Amino acid sequence: MATVEEGPLPYNLWQGESSSSSSSSSLNPSDAVLFGGISLLIGVSCRTLLRRTTIPYTVALLIIGIALGSLEFGSIYRLGKLGNGIRIWADIDADLLLAVFLPILIFEGAFSMEVHQIKKCMAQMLLLAGPGVLISTVLIGAAVKLVFPYDWNWKTSLLLGAILSATDPVAVVALLKDLGASKKLSTIVEGESMMNDGAAIVVYQLFYRMVLGKSSGCVAVLEYLAEGSLGSVMIGLVFGMASLLWLRFIYNDTLTDFSLALTVSYIAYYTAQEEAEASGILTLVALGMVFAMSKDTHRAGGKQSLHEFWEMIAYIANTLIFILSGVIIAQSIFSIGNLDNNTGRSWGYVFLLYIILQVARTIVVFAFYPALCYFGYGLNWKEAIIIIWSGLRGAVGLALSLSIKDASGDPKYLSSETGAMFVFLTGGSVLLTLIINGSTTQLLLSLFGMDALSESEKTMVNYAKHQLLRKAEEFSRICSGSNTPFDWITVGGYATCIKDVCEDTVWPPCTTNHGYLEIDDIKTMRVCFLKATREAYWSTFNEGRITESSISVLMESIDEAIDLVTQGLHDWNYISTCLKFPGYYKFFSTSVCPPRLSRWFVLKKLQDSCHTCSAFIHAHRIARQLLLDYTGDNGNAAIVVAESEVEELEARKVLENVKNSMPEIIHQTESRQVTFSMLKCLDECLSDMEKDGILTEKAVLHVHDLLQNDLEKLLRSPPSVRIPKSGDVLSIHPLLANLSPAIQSDLECSASSILKTPGCTLYTKGSKLTSVWLIGNGSVRSRRSPFPIHCHVDSTYHRGSVLGLYEALVGKPYLSDMVTDSVALFVEIKLESIVSVLARGNGVEELLWKECTIVVSKLLAPDMFKKFSMQEVRSIVDERSVMNTFSSQEVIETSHHSINFLLSGCLRDQSTEQLIECPAVLPCSILSESIPYSNASGTAESSGSCSYSKYKVVKPARIVRIDISTA
């Protein structure tokens, strides 16, 4: 152990030790904690002092780190225990440096980005991060090989190019957060820096293997690049999806949420970087984006805590890594002096390398400029320049160069001098880009006017000041009535934010401005409306009225609509698209899918649709009222309100359709909302009792745990949708009510219920008859005419209709295509059961013929019966129909006061000698010509002027006559 001279005073933290204690072997590992604590203290001080300046605090941290490193490594003065801590941190393994800091910083950066912005800017980010990295690597490597006098081969030069080609996400994200750049620009720069850094690491690993003599062919290189990039993304997605699945089982436990996210970020990085030999950064980007997609599903308290947690640990990591970067840069500066006597020349090459980096970055951005302008939100030349100028280098590049330094020493591959020069050149690039680019980006934004307020924003600022002035006036009136003495001049001296709109020069203020917010730009008016709608959505979600999946759709609809505000309000367009059943849902209607799984997916989709539509209507009402309250009923506000009301009508139609097709869903939705509201009311009541002090802490915790268990139970097992069973549907059908109990029992035993999604084909025209379908809920539409003539046949069948029964009675294939028009519940009765029922006699056949008339009438005469509901059609058939059977050679006359359906057999029209086969409508004078009635065209025209028609029975026929004189 090193000895320390004894003295009357305790050891001074800044006092140097004896020469024996300064060796690395005598460093106390606990001194590293001191450096970490001092670094965080410096970070807090810099953030406090630079809060109101344009200087990014990360630049100040880097400079302070260089100063500390210079004192320790480049002067005769030593920093005592702090110096020992600096040396311990400076000698940290490069891989350990990345593994400790990157999972926090990259995950936080990706998690804090807006998912909608990422989707829009993804093509731009991939262009700069994919081919952009390769082009930059080649340009920088070629310049180093041709200009620098280090006699490096092409592989070594390209290795340095790969290290320097990627903008450092740690530095870029920290810079943009300080400067408050626009969302679009921040998303492009942050996303590109994260992705291209991950891609650059893959390229770096490729050239590093080549430098070490592991040569590969072109195919192997391409395979390695693909596996390194795509494999990284897949690892991140798998970890992200598994984590979200885990989080579904966690309720109201933010500590577990934070711990899981932090743990998964480290495990995912290690898995990709060490086990899969892929890019850990790309894995973290993918993982963070998956978590970002779910951050809107956290309720108010949890979401705020989540952001504060990640901002705090990212701030700590940023502080440590930037000060440490400064220390490493200082160490490399003084170490290069031992290798190169002409230090000035080395610094000259650093400045030359800085210029090369800017030129390469410029070439890459402008090479892809046309594509960058085309994709996403587009790009103008000012934003392109900001993207070029924000290409900072930072800790990631330093860590990669340190790994080269640690691996160097073999002159055959990488000499020690080459490793040290890599660190020096990279450190110099980090220093210059952060100091020059980082400190002047704000000036560039101001020069281009990109941080200035628009005219609409200036109007809003002025309106806000007048509103504050009115509030100050109200406050002054209240205070003037009190007997407490105070000085209005002193009070007014602190309210400088409203002095420029105050009409009086003395206090208390007095204002006569009671006007509305005047927004002349319809685009801004729509944006304000959509933001108010978003806040209403968020309040609705916190109240427990909608689910996590619904809030995700609603929030995304606002982002999509804001992009299209120049064309109108289009948030419903996105929502209506999401409400539609995707094509893969048809799988759940097949016999392959288990019925319970099918029901769960279909009913979940319907429940989310109801929640979404209800929240949409509620939020739009609130937003309309707020818009009118603040802006008045002016022209632009009236336009936006009218657009909102049109969209609300569409949402109401969806709810009405769900109510008609599956009313049980509406009941379940209302029950869930009422249950959650009741439990939250109980929770608030408990909180009030706790505040009033009438309950002990132990009693409050006991009751609170019980309430939380109830809320968690509601989340885990919400009220289930009670879908009627096949027996329930059959028991309430009017047909079965007229059948004997034995027949009812046989039909119920052979029946099975099936739930189908919209757009599913129940059966097709001409297909073999296998089953009869009773509609329990929902609606079905016929799509193809059963007749070989061109006419419009598009009938809709609702609850209670029996499809396929007519075909079963006449022994024909299905007459038309039947496609579900909504989610529909069917009871399937096999053909064998219908045949067995018919064999029993006792008037069963007559009942079945009368039942099938209901469907046949809508199928053959849609224009006449489309205005009636199924219940009304059933009443017409029951009360006004007469069914008769006729033998061969009989003559039949049809009256124009009735409509006659030929259900079975064959007739011959005596006026035209045309043969009429079943099924058909026998003509009458009041029928529309568009109604098909026979297999012969032109018959309607010939009989349209007759009051009756005569037919001769060719084959025994069954005809039902419906009196339509009062229908």
Side-chain angles (χ1 to χ4, degrees), residues 36-37 39-62 100-118 168-183 185-187 189-191 193-194 197 240 243 247 253-266 268-269 281 284-285 287-325 390 392 394-396 438 442 538 555:
S39 297
L40 294 178
L41 181 61
I42 293 172
V44 172
S45 303
C46 289
R47 190 174 181 86
T48 303
L49 296 174
L50 301 176
R51 180 180 296 274
R52 301 187 183 278
T53 67
T54 58
I55 302 175
Y57 94 106
T58 51
V59 175
L61 293 179
L62 184 75
V100 169
F101 291 106
L102 284 190
I104 295 175
L105 295 171
I106 302 299
F107 179 85
E108 190 274 337
F111 175 75
S112 62
M113 295 172 69
E114 297 291 339
V115 176
H116 176 74
Q117 300 276 348
I118 294 174
D168 184 19
V170 177
V172 173
V173 171
L175 174 70
L176 294 179
K177 285 185 178 179
D178 286 345
L179 299 182
S182 67
K183 282 278 187 181
L185 188 60
S186 298
T187 300
V189 176
E190 290 180 27
S193 64
M194 292 179 189
D197 203 74
S243 301
L247 287 174
D253 191 351
T254 54
L255 182 60
T256 304
D257 290 350
F258 302 160
S259 302
L260 179 63
L262 186 62
T263 303
V264 170
S265 63
Y266 276 100
Y269 177 85
I281 291 181
L284 291 172
V285 171
L287 177 66
M289 289 182 179
V290 172
F291 270 81
M293 294 174 63
S294 67
K295 63 183 176 184
D296 282 333
T297 61
H298 293 273
R299 305 196 187 274
K303 185 176 182 179
Q304 183 66 23
S305 301
L306 192 64
H307 280 285
E308 290 176 353
F309 169 77
W310 280 107
E311 285 182 2
M312 181 195 69
I313 62 173
Y315 164 73
I316 293 174
N318 266 322
T319 301
L320 292 174
I321 201 167
F322 275 99
I323 292 181
L324 180 58
S325 297
S390 60
L392 309 182
V396 174
Q442 179 66 63
W538 187 241
M555 290 300 186

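Residues: numbered from 1 along the sequence shown. These values consider heavy atoms only, across backbone and side chains, with no hydrogens, waters or symmetry-generated copies. Since the model is a prediction, treat every value here as computed from it, not as a measurement.
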Would you say the ring centroid of Phe291 lies under 6.0 angstrom from that of Phe107?
yes
Under the rule for ring pair (Phe, Tyr, Trp, His ring centres under 6.0 Å), what residues qualify as partners of Phe309, not counting sequence neighbours?
Phe258
Not counting sequence neighbours, which residues clear ring pair (Phe, Tyr, Trp, His ring centres under 6.0 Å) with Phe101? List them please.
none
First locate atom [atom1] of [X], then atom [atom2] of [Y], and finally report the distance between them rounded to the nearest 0.5 Å.
X	Y	atom1	atom2	answer
Ile316	Ile321	CD1	CD1	13.5 Å
Ile104	Asn318	CD1	CG	10.0 Å
Leu255	Leu260	CG	CG	11.0 Å
Asp257	Leu247	CG	CG	5.0 Å

Taking all atoms of both residues into account, what is the closest heavy-atom pair of [X] and [Y], and its distance?
X	Y	answer
Ser39	Leu320	CB-CD2, 3.7 Å
Leu284	Pro103	CD1-CA, 3.4 Å
Ala110	Gly288	CB-CA, 3.8 Å
Leu102	Tyr269	CD1-OH, 4.1 Å

The criterion is side-chain hydrogen bond (donor to acceptor under 3.5 Å, both in side chains); which residues satisfy it with Ser259, sequence neighbours excluded?
none
Does some side-chain heavy atom of Trp310 sit less than 4.5 Å from a side-chain heavy atom of Leu262?
yes
Show, in sequence, the C-alpha distance, side-chain angles and deciding distance for Ile118 and Met289, and conclude whether the side-chain contact (heavy atoms from CB on, under 4.5 Å) test is met.
CA-CA 9 Å; Ile118 294 174; Met289 289 182 179; 3.7 Å; yes
Test side chain to side chain contact (heavy atoms under 4.5 Å, CB included) applied to Thr256 - qualifying residues, sequence neighbours left out
Ile250, Asp253
If the condition is side chain to side chain contact (heavy atoms under 4.5 Å, CB included), which residues does Thr319 pass it with, not counting sequence neighbours?
Leu40, Tyr57, Leu61, Tyr315, Ile323
